[in-house]
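Working notes for the structure below.
Every value quoted in this text rests on a predicted model; they were computed, and no experiment measured them. A note on names: the letters A, B, ... follow the listed sequences, proteins ahead of strands, and every chain is numbered from 1.
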There are 4 protein chains.
Amino acid sequence: MIAQAKKTKKQTEKQQKIVETAIRLFAEKGYANTSTSEIAKQAGVAEGLIFKHYGTKENLLRSVILPFFKSSLPDMAEEVFAEVLPAKTTSFEEFLRALLHNRIQFFYENKQILQVVIKEIIYNESLKKELLPYLADTIRFRFKNTIEMFKARGELKDIPTDDIVYLLLPVLGGFIISRFVIVDVDVIHESEVEKLIEFIMGGIRKNEH
Amino acid sequence: MIAQAKKTKKQTEKQQKIVETAIRLFAEKGYANTSTSEIAKQAGVAEGLIFKHYGTKENLLRSVILPFFKSSLPDMAEEVFAEVLPAKTTSFEEFLRALLHNRIQFFYENKQILQVVIKEIIYNESLKKELLPYLADTIRFRFKNTIEMFKARGELKDIPTDDIVYLLLPVLGGFIISRFVIVDVDVIHESEVEKLIEFIMGGIRKNEH
Amino acid sequence: MIAQAKKTKKQTEKQQKIVETAIRLFAEKGYANTSTSEIAKQAGVAEGLIFKHYGTKENLLRSVILPFFKSSLPDMAEEVFAEVLPAKTTSFEEFLRALLHNRIQFFYENKQILQVVIKEIIYNESLKKELLPYLADTIRFRFKNTIEMFKARGELKDIPTDDIVYLLLPVLGGFIISRFVIVDVDVIHESEVEKLIEFIMGGIRKNEH
Amino acid sequence: MIAQAKKTKKQTEKQQKIVETAIRLFAEKGYANTSTSEIAKQAGVAEGLIFKHYGTKENLLRSVILPFFKSSLPDMAEEVFAEVLPAKTTSFEEFLRALLHNRIQFFYENKQILQVVIKEIIYNESLKKELLPYLADTIRFRFKNTIEMFKARGELKDIPTDDIVYLLLPVLGGFIISRFVIVDVDVIHESEVEKLIEFIMGGIRKNEH
DNA sequence: TATGAATGAGTGTTCATTCAT
DNA sequence: CATGAATGAACACTCATTCAT
């Protein structure tokens with residue numbers, strides 16, 4: 001169900017090995033610091049084969065990133081929102097909790113691809129231009145709907161929805177990136193998630209009674 | 001006073017030009033995607049001169065990053081805290097506001113170096129290992145003191161100080177990085193800062209009366 | 001059987017050409033004065049191919065020297081001693097004559113590699129350290145045995161065997177080096193060999209009767 | 001009296017230092033493996049100064065080699081033969097002994113220049129072509145006269161003088177080169193010299209009585 | 001499909017040499 | 001006399017890519 005980014009239709013065993021190795025090396029050292037000869041060697045494959053299948057090194061990168069980006073990621077999103085939202089009784093906190101758990105699980109299982117995506121979006125201007133708008137639109141759209149729903153229920157402050165999304169995304173994104181990309185953790189504890197949720201919901205100011 | 005990372009003691013005009021050009025190109029395309037020959041060409045300098053002065057390409061990168069990192073950055077920090085804190089009457093909100101304005105101004109003026117630093121910390125494993133602990137320690141230490149002070153004044157919730165810092169840093173860092181590195185803005189509006197502050201202080205949950 | 005230093009197992013035609021050209025140029029101008037681009041050009045090969053096969057320029061040198069040194073040279077030695085010694089009746093003079101003819105033939109056929117070896121042993125400190133002890137041990141060991149045999153037969157003076165070897169090696173070595181390396185002759189005449197043998201055996205002092 | 005190769009007429013202190021350092025480095029690693037920048041650094045001098053004084057690197061090498069070669073060496077030779085020969089009563093053995101002691105002392109004191117000369121004569125085709133004939137002529141001429149004198153006295157075998165010289169030079173040269181250049185000894189013992197002399201005079205064949 | 005020899009443009013780096021000061 | 005910044009050609013080496021097998 002998850003981590004399916006690696007397998008498309010008909011891939012030979014060697015082709016599989018190439019993609020796996022490329023993902024691992026791109027994640028470890030970055031696309032620009034990984035040579036096709038190293039990929040070939042570690043994949044146990046002739047260097048020519050990479051070019052038979054993918055034409056260019058850049059295309060190999062896209063073949064790694066794009067499926068994850070254009071199919072797995074939105075599919076997953078669909079799932080989450082579909083999974084969580086129907087429960088009408090749920091609070092926004094419950095939603096956040098479910099979302100975070102789902103995402104964290106997903107990102108943990110696709111950590112290497114995620115690392116490649118983030119590193120290259122930051123490092124590679126043309127990939128950034130291509131992917132960032134897509135990412136922003138997709139995610140933002142879903143968030144807006146959900147937040148407006150909860151605002152209608154009176155659970156959230158009367159801040160404009162766009163502002164909430166605009167503040168929420170860097171916080172959630174920063175949290176996940178700092179954990180999975182900057183510090184390469186394997187596990188995010190339940191308590192961390194709870195603290196984050198409480199922070200997002202209530203801030204840090206002491207309320208007067 | 002600011003943007004002093006570029007000028008050290010005795011630098012010839014050409015040496016200046018090399019560093020400036022290197023910073024610009026590293027910021028635009030990343031260290032790994034920038035060739036020394038391109039730096040030389042755009043700096044109007046013989047390629048050999050780069051190596052006369054910096055020995056290796058990697059050392060040129062370090063000569064760009066390290067002064068910013070090890071001197072300018074903590075110096076600035078010192079300044080902010082010194083500037084803001086004495087005013088005992090100030091609230092934590094005032095402190096945050098002053099800090100953000102100061103940082104935003106500083107990062108705007110050093111935007112390119114900042115972009116280089118962040119890109120390479122994410123992309124270059126060995127630089128990350130070298131700089132991240134240093135960064136974390138320096139920044140974290142100052143924040144802890146300040147937060148504890150305001151906690152003592154009863155302005156902040158009774159969350160453990162470490163937890164507050166741990167939540168605050170990705171939020172502030174994520175905000176600045178997403179603005180200056182991912183989206184390459186020139187200006188951050190007053191209102192954005194105010195929204196961020198209110199978010200940090202009060203979260204998004206509607207308070208019951 | 002001889003000059004086999006050039007051909008190892010599976011070498012492509014171009015690889016052959018690289019080694020041949022490298023040997024020739026190293027012999028003519030020395031390793032340090034020969035550029036890989038010149039080798040490539042004269043071998044009719046892309047420069048990159050040299051590094052595909054040999055990794056570094058230094059490794060190309062070693063690939064030229066070491067097989068000659070560690071296999072051909074001792075193999076030959078084996079042969080000579082095996083060929084000459086069984087004939088119990090042979091005198092030491094006969095042995096010397098056979099040895100010299102064999103060596104001269106061998107060195108003539110491998111003249112260029114020999115020139116490379118000698119030039120680099122003299123010029124390249126690290127190669128000297130690596131090869132000289134090996135050379136000394138191998139050669140010296142065989143000589144000692146042979147000389148002791150002939151001493152036992154009463155053909156040679158009662159000088160300590162080590163001293164004889166220690167005097168004989170520079171003489172033989174100096175003779176061959178001065179002919180093949182310093183003066184680049186193609187042929188060493190029978191009469192030269194005879195004079196050398198008579199000199200070694202009898203010296204230059206006139207015997208009184 | 002000796003080691004005067006280093007000082008010509010008016011040399012500044014820095015110029016002295018350049019030549020000394022060049023000799024040392026050329027001797028250690030060879031001319032081709034020594035960079036002018038290294039010479040300058042180790043001599044404590046600006047790199048430009050080398051070229052102010054010597055024009056090119058090759059000219060620096062010649063300024064080191066030629067005075068030694070064209071003045072010191074023949075001068076010394078003159079001395080030896082003048083010193084030894086007058087004593088009419090002396091035997092050829094005595095002459096050889098005096099010659100060797102004189103040369104060994106001289107080469108020991110000029111070991112580094114000697115190493116440079118020998119290494120470059122073997123490595124540098126154009127220097128070889130220039131110096132070798134000169135060397136051969138000068139040395140050979142003096143030897144011939146001496147040997148003929150001793151032959152006239154009946155001390156030496158009736159081998160043609162040219163043959164004796166032709167055999168003697170590689171032996172003496174090989175002995176000195178193998179000691180001072182290949183093995184970098186500081187001292188040659190009296191006993192070694194004696195063995196060499198006895199070898200040259202009497203060979204190794206046991207004489208029948 | 002898969003190999004791996006071969007390419008050639010490009011990379012970081014070195015080095016002898018020049019020249020303004 | 002002396003410096004050292006600056007040059008540019010050459011150097012060893014890398015790498016994505018091609019192609020005959």
task: Please test Val19(C) against Gln11(C) for side chain to side chain contact (heavy atoms under 4.5 Å, CB included), starting from the C-alpha separation and ending with a verdict.
output: CA-CA 10 Å; Val19(C) 179; Gln11(C) 279 196 140; 4.1 Å; yes
message: Quick one: does any side-chain atom of Tyr31(A) pair with a main-chain N or O of Val116(A) as donor and acceptor, under 3.5 Å?
response: no
query: Between Glu13(C) and Lys17(C), is a side chain to side chain contact (heavy atoms under 4.5 Å, CB included) present by the stated rule, with each step listed?
result: CA-CA 6 Å; Glu13(C) 217 174 304; Lys17(C) 211 78 179 64; over 6 Å; no
task: For Tyr123(D) and Ala32(C), indicate whether the former's side chain and the latter's backbone hold a donor-acceptor pair under 3.5 Å.
output: yes
- prompt: Can you tell me how far P of dC11(F) sits from CG of Leu25(C), to the nearest Å?
  reply: 12 Å
field: Sole residue of Thr34(D), Ile65(D), Ile39(D), Thr36(D) in side chain to side chain contact (heavy atoms under 4.5 Å, CB included) with Leu60(D)
entry: Ile39(D)
field: Under the salt bridge (charged side-chain N to carboxylate O under 4.0 Å, His left out) test, residues paired with Lys111(B) that sit two or more places apart
entry: Asp184(B), Asp186(B)
- request: Using whole Å, report how far NZ of Lys17(A) lies from C1' of dA2(E).
  value: 17 Å
- request: Whole angstrom is fine here: how far is it from CD1 in Ile50(C) over to P in dG8(E)?
  value: 14 Å
message: One pair to check against side chain to side chain contact (heavy atoms under 4.5 Å, CB included): Arg62(D) and Leu127(D). What are the steps and the verdict?
response: CA-CA 9 Å; Arg62(D) 304 178 89 82; Leu127(D) 262 179; 4.2 Å; yes
- line: Between CD of Glu38(A) and C1' of dA16(F) the distance, given in whole Å, is 14 Å
- line: Dot-bracket for DNA chain F, 5' to 3', Watson-Crick and G-U pairs with both distances under 3.5 Å, [ ] for crossing pairs, | for partner on another strand, reads .||||||||||||||||||||
query: To the nearest angstrom, how far is Lys41(B) atom NZ from dA6(F) atom P?
result: 20 Å
field: Under 3.5 Å: donor-acceptor pair, side chain of Lys57(C), backbone of Ser35(C)
entry: no
query: When the distance from CG of Asn59(A) to P of dA16(F) is rounded to whole Å, what number comes out?
result: 14 Å
- line: The reported gap from CD in Glu125(B) to NZ in Lys129(B) (rounded to nearest 0.5 angstrom) is 5.0 Å
query: Quick one: what's the B/S/- string for nucleotides 14-21 of chain E, heavy-atom cutoff under 4.0 Å, read 5' to 3'?
result: BSBBB---
query: Rounding to a whole Å, what distance do you find between Gln15(B):CD and dG4(F):P?
result: 14 Å
- request: Respond yes when some side-chain nitrogen or oxygen of His53(B) is under 4.0 Å from OP1 or OP2 of dG4(F), and no when none is.
  value: no
